[in-house]
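Atoms within a ligand are numbered from 1 in the order they appear, just like the ligands themselves.
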Amino acid sequence: MAAVVLSTVFVLLAALVSKTGAWSVSCSNPYSQCYGQLQTCPANCAQWCEVDCTTCNVQCACDKPGAVCQDPRFIGGDGVMFYFHGEKDKDFCIVSDPALHINAHFIGKRGSGMTRDFTWVQSLGIMFGSRTLYIGAQTVGTWDNHVDALSLSFDGQPLLLPPRVNATLEFPDAGLQIVRVEGKNAVTVEVKGSFKLEAHVVPITKQESRIHNYDITAENCFAHLELNFQFFNLSTEVNGILGQTYVPGYKSPVKVGVPMPIMGGDESYVSSALFQTDCAVSKFGATPSGQTIRQAASASCGNARSGGLVCRR
Ligand SMILES: *[C@@H]1O[C@H](CO)[C@@H](O)[C@H](O)[C@H]1NC(C)=O
Ligand SMILES: *[C@@H]1O[C@H](CO)[C@@H](O)[C@H](O)[C@H]1NC(C)=O
């Protein structure tokens, strides 16, 4: 299983910052034709991109399957992009499977004259077996790149991870490994045989606030998480906003190709708290059927003419 996964995932070997502030990345699979060749991240994701070792294209981590970014914009396991607005200050199950449950806590604000909240993912409550892992962005007034705004705790105990690249925490009995991919505000979290994610803490910038009318003030820059997930052991019963999109043959209810396809059905996904597994679609703790989903092959995504995002396998 692991070998299959490794050959298909996007791999990042080296990240170097160029004069323009954009990062350079390369493929770390020695069997790829672009092995070790540095490529610069595109402007819209200058700090977080990856090379697809199969196609040798550079891709924004927020534009590939498993992404949960912005206000939250998902790319499903089926390659379909959609928004899920939810509601601020509530928790929603994004993945629910017999052995893994992930809730996301939404923060946000109601713009003047709006009928819904602008929302972002502030933290994750991850449950696997009897273990609980928290990954969150701290509340920040004015954003400062030099300050770490990431919070982690495992089984309720706060974790300290030195602020330097490659600083690592390991919990072998849980199969858990956490590694900083940048000195601050970016980590990978892996539970062996279950999932891997990369999380970046980012603020809402003045520019974004202006473009989208978020009306962000100096008291709160709404620091939040941008995420990309890979799953290695989902069952065919998996549900949750993101989880369901990995089921083979899943038919997305969202309108594909429009600029803002929306996933509705908030009531099905709301959990009563970050570490509760009581959303209506919950599968956590259910008897597994024994059917595991093979990791989907990588998809390449690009902007459709309609303004939406389209991914192809
Ligand atoms: C971090 O680890 C990677 C992979 O092992 C290595 O290539 C890189 O040089 C390390 N970076 C630092 C700053 O130690
Ligand atoms: C994989 O999933 C099965 C069924 O959901 C579960 O029993 C098993 O513990 C999982 N393995 C890991 C490593 O999470």
Could you check [atom] against the protein and tell me its nearest heavy-atom contact, residue, atom and distance included?
atom	value
atom 4 (C) of ligand 2	Pro288 CB, 3.5 Å
atom 13 (C) of ligand 2	Lys192 O, 3.7 Å
atom 5 (O) of ligand 2	Pro98 CB, 3.7 Å
atom 9 (O) of ligand 2	Ala99 CB, 4.2 Å

Open item on the list: Just to be sure I'm reading this right: ignoring hydrogens, which of Asn233, Thr287, Asp97, Leu100 gets closest to atom 11 (N) of ligand 2? Compare them by their nearest heavy atoms.
Closed with: Asn233
In plain terms, say whether [X] and [Y] are close enough for a salt bridge, that is, a side-chain N and a carboxylate O under 4.0 Å apart.
X	Y	value
Asp89	Lys109	no
Lys283	Asp97	no
Asp266	Arg116	no

- [ ] Count the heavy atoms belonging to other residues, nucleotides or ligands that lie under 6.0 Å from CD1 of Ile211, then report whether that count exceeds 12.
- [x] yes
Task: Per-atom contacts of ligand 1 with Asn166, taking only distances under 4.0 Å to non-hydrogen atoms - done: 1 (C), 2 (O), 3 (C), 8 (C), 10 (C), 11 (N), 12 (C), 14 (O)
TODO: Tell me whether Val95 is reachable from Tyr250 by hopping between hydrophobic residues (I, L, V, M, F, W, Y) whose side-chain heavy atoms are closer than 4.5 Å.
DONE: yes
Task: Cys60/Cys49 sulfur atoms closer than 2.5 Å - done: no
- [ ] Answer side chain, backbone, both or neither: which part of Ser235 comes under 4.0 Å from ligand 2, heavy atoms only.
- [x] neither
